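Reviewing the structure listed below.
For clarity, every value in this text was computed on a predicted model and none was experimentally measured.
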Amino acid sequence: LPRYDHKKIHFGFTLGFNSLDFNIQYNPDVIFQDSLYVLNSNNQKGFNLGIVSNLRLGEYTDLRFVPTLVFGERILNYKFNDQSNLLLQDKRIESTLIDFPISLKYKSARYNNFRTYIICGIKYSLDIASQSEIDDEGQEIVKLNNHDLMIEGGFGIDFYLQYFKFSPQIKLSHGIINVLSKDNTLYTETINNLKTTSWMLSFTFE
């Protein structure tokens, strides 16, 4: 594919794996002053698939829009001190996200049939499985807002094959807004901010 990168616009698809997690900022006025002894986040693995739209800006620069459907989950681990006994409670948070990332891709010069690249951008994420508006019926679930905004960056390698270009890529994302939906339970009152962190390993075919 010697003239592949001369195209102004090209398309493709991507699939891969992800790991979602939380960055927790504790509430110093509440945390550890009640029966709560430990609170941490446990990342979980999921998968993702998306559609690639690539606009060539220059010899080494592209603008990319890759709407992606992401399936994943996170677990908040609570450990309570109940009369000198430790009581463990896990709050599992399942997410089905539609990501809308806009990224700049900066590429190295092509050497034979491959080139390396770095990528950075911003991403809006919509959680279509959000439970922020439902009645939990006394179950005290941890609810998340369905809107999120993240910055992201990563790197990868383009391999030029006979009929298509194959690109493995790893990307890190960090949320910049609080996604926690506050209620009057100990599970959320102990947290000031809950922000998304994730990494994504993708395989792109263009």
Side-chain angles (χ1 to χ4, degrees), residues 14-50 66-101 121-154 170-202:
T14 180
L15 51 88
F17 307 96
N18 65 73
S19 177
L20 301 179
D21 205 349
F22 286 124
N23 182 17
I24 304 174
Q25 180 184 0
Y26 303 104
N27 183 352
D29 296 329
V30 179
I31 191 72
F32 309 136
Q33 294 183 14
D34 206 323
S35 59
L36 183 62
Y37 186 69
V38 175
L39 167 59
N40 55 45
S41 175
N42 185 9
N43 66 329
Q44 299 291 298
K45 304 300 185 291
F47 68 94
N48 46 271
L49 52 96
V66 189
T68 306
L69 184 62
V70 179
F71 300 93
E73 66 176 7
R74 289 153 283 191
I75 300 176
L76 288 174
N77 307 121
Y78 294 84
K79 192 175 293 185
F80 295 94
N81 187 4
D82 182 19
Q83 298 179 352
S84 300
N85 295 319
L86 292 181
L87 176 64
L88 305 179
Q89 289 194 19
D90 293 337
K91 295 296 182 180
R92 186 178 299 270
I93 304 172
E94 297 181 352
S95 297
T96 303
L97 309 172
I98 303 178
D99 288 347
F100 299 94
I122 192 166
K123 175 172 68 178
Y124 166 72
S125 185
L126 175 65
D127 188 352
I128 59 176
S130 172
Q131 298 176 313
S132 62
E133 301 298 329
I134 71 167
D135 182 2
D136 59 16
E137 298 179 347
Q139 297 180 24
E140 295 186 331
I141 62 177
V142 177
K143 302 176 183 179
L144 302 183
N145 296 318
N146 58 349
H147 303 285
D148 200 0
L149 191 64
M150 287 172 268
I151 56 174
E152 55 183 9
I170 189 164
K171 187 166 57 176
L172 305 177
S173 301
H174 183 76
I176 56 179
I177 63 176
N178 182 19
V179 296
L180 180 66
S181 179
K182 283 276 192 177
D183 53 30
N184 295 320
T185 68
L186 182 61
Y187 299 104
T188 60
E189 288 298 318
T190 52
I191 302 172
N192 266 346
N193 282 285
L194 202 61
K195 297 180 180 180
T196 301
T197 61
S198 68
W199 61 261
M200 186 178 293
L201 175 63
S202 301

Are the side chains of [Y] and [X] in contact, using a 4.5 Å heavy-atom criterion?
| X | Y | value |
| --- | --- | --- |
| Ile24 | Leu194 | yes |
| Gln25 | Asn23 | no |
| Lys195 | Ile176 | no |
| Ile98 | Thr68 | no |
| Phe100 | Ile122 | no |
| Arg74 | Thr196 | yes |
| Glu152 | His174 | no |
| Lys123 | Leu149 | no |

Measuring from [X]:[atom1] to [Y]:[atom2], what's the distance to the nearest 0.5 Å?
| X | Y | atom1 | atom2 | result |
| --- | --- | --- | --- | --- |
| Lys171 | Ser198 | NZ | OG | 8.5 Å |
| Leu97 | Ile128 | CG | CD1 | 8.5 Å |
| Phe22 | Ile191 | CZ | CD1 | 8.0 Å |

Quick check: closest heavy atoms across [X] and [Y], and the distance to 0.1 Å?
| X | Y | answer |
| --- | --- | --- |
| Arg92 | Gln44 | NH1-OE1, 4.3 Å |
| Pro101 | Val66 | CD-O, 3.0 Å |
| Ser41 | Asn77 | C-OD1, 4.3 Å |
| Asp148 | Gly175 | OD1-CA, 4.5 Å |

Worksheet item: Checking side chain to side chain contact (heavy atoms under 4.5 Å, CB included) for the pair Leu201/Asn18: CA distance, chi angles, key distance, verdict?
Response: CA-CA 6 Å; Leu201 175 63; Asn18 65 73; over 6 Å; no
Response to the item:
Sorted by chain and residue number, the ring pair (Phe, Tyr, Trp, His ring centres under 6.0 Å) partners of His147 (sequence neighbours excluded) come out as Tyr124
Practice prompt. List in chain and number order the residues that pass ring pair (Phe, Tyr, Trp, His ring centres under 6.0 Å) with Phe71, two or more places apart in sequence or in another chain; answer none if no residue qualifies.
Written response: Phe47
Discussion item. Please determine whether side-chain hydrogen bond (donor to acceptor under 3.5 Å, both in side chains) holds for the pair Asp21 and Thr197, giving the CA-CA distance in whole Å, both sets of side-chain angles, and the decisive distance to 0.1 Å.
Written reply: CA-CA 5 Å; Asp21 205 349; Thr197 61; 4.7 Å; no
Worksheet item: Counting heavy atoms not belonging to Glu94, are there more than 12 under 6.0 Å from its CD?
Response: no
Discussion item. Run the side-chain hydrogen bond (donor to acceptor under 3.5 Å, both in side chains) test on Asn43 and Ser19 for me, step by step, so that the C-alpha distance in whole Å, both residues' side-chain angles and the decisive distance to 0.1 Å come before the verdict.
Written reply: CA-CA 6 Å; Asn43 66 329; Ser19 177; 2.8 Å; yes
Worksheet entry | Qualifying residue for side-chain contact (heavy atoms from CB on, under 4.5 Å) with Met200, from Leu20, Ile170, Val70, Thr14 | Val70
Worksheet item: Of Asn48, Thr96, Leu15, which meets side-chain contact (heavy atoms from CB on, under 4.5 Å) against Leu69?
Response: Thr96
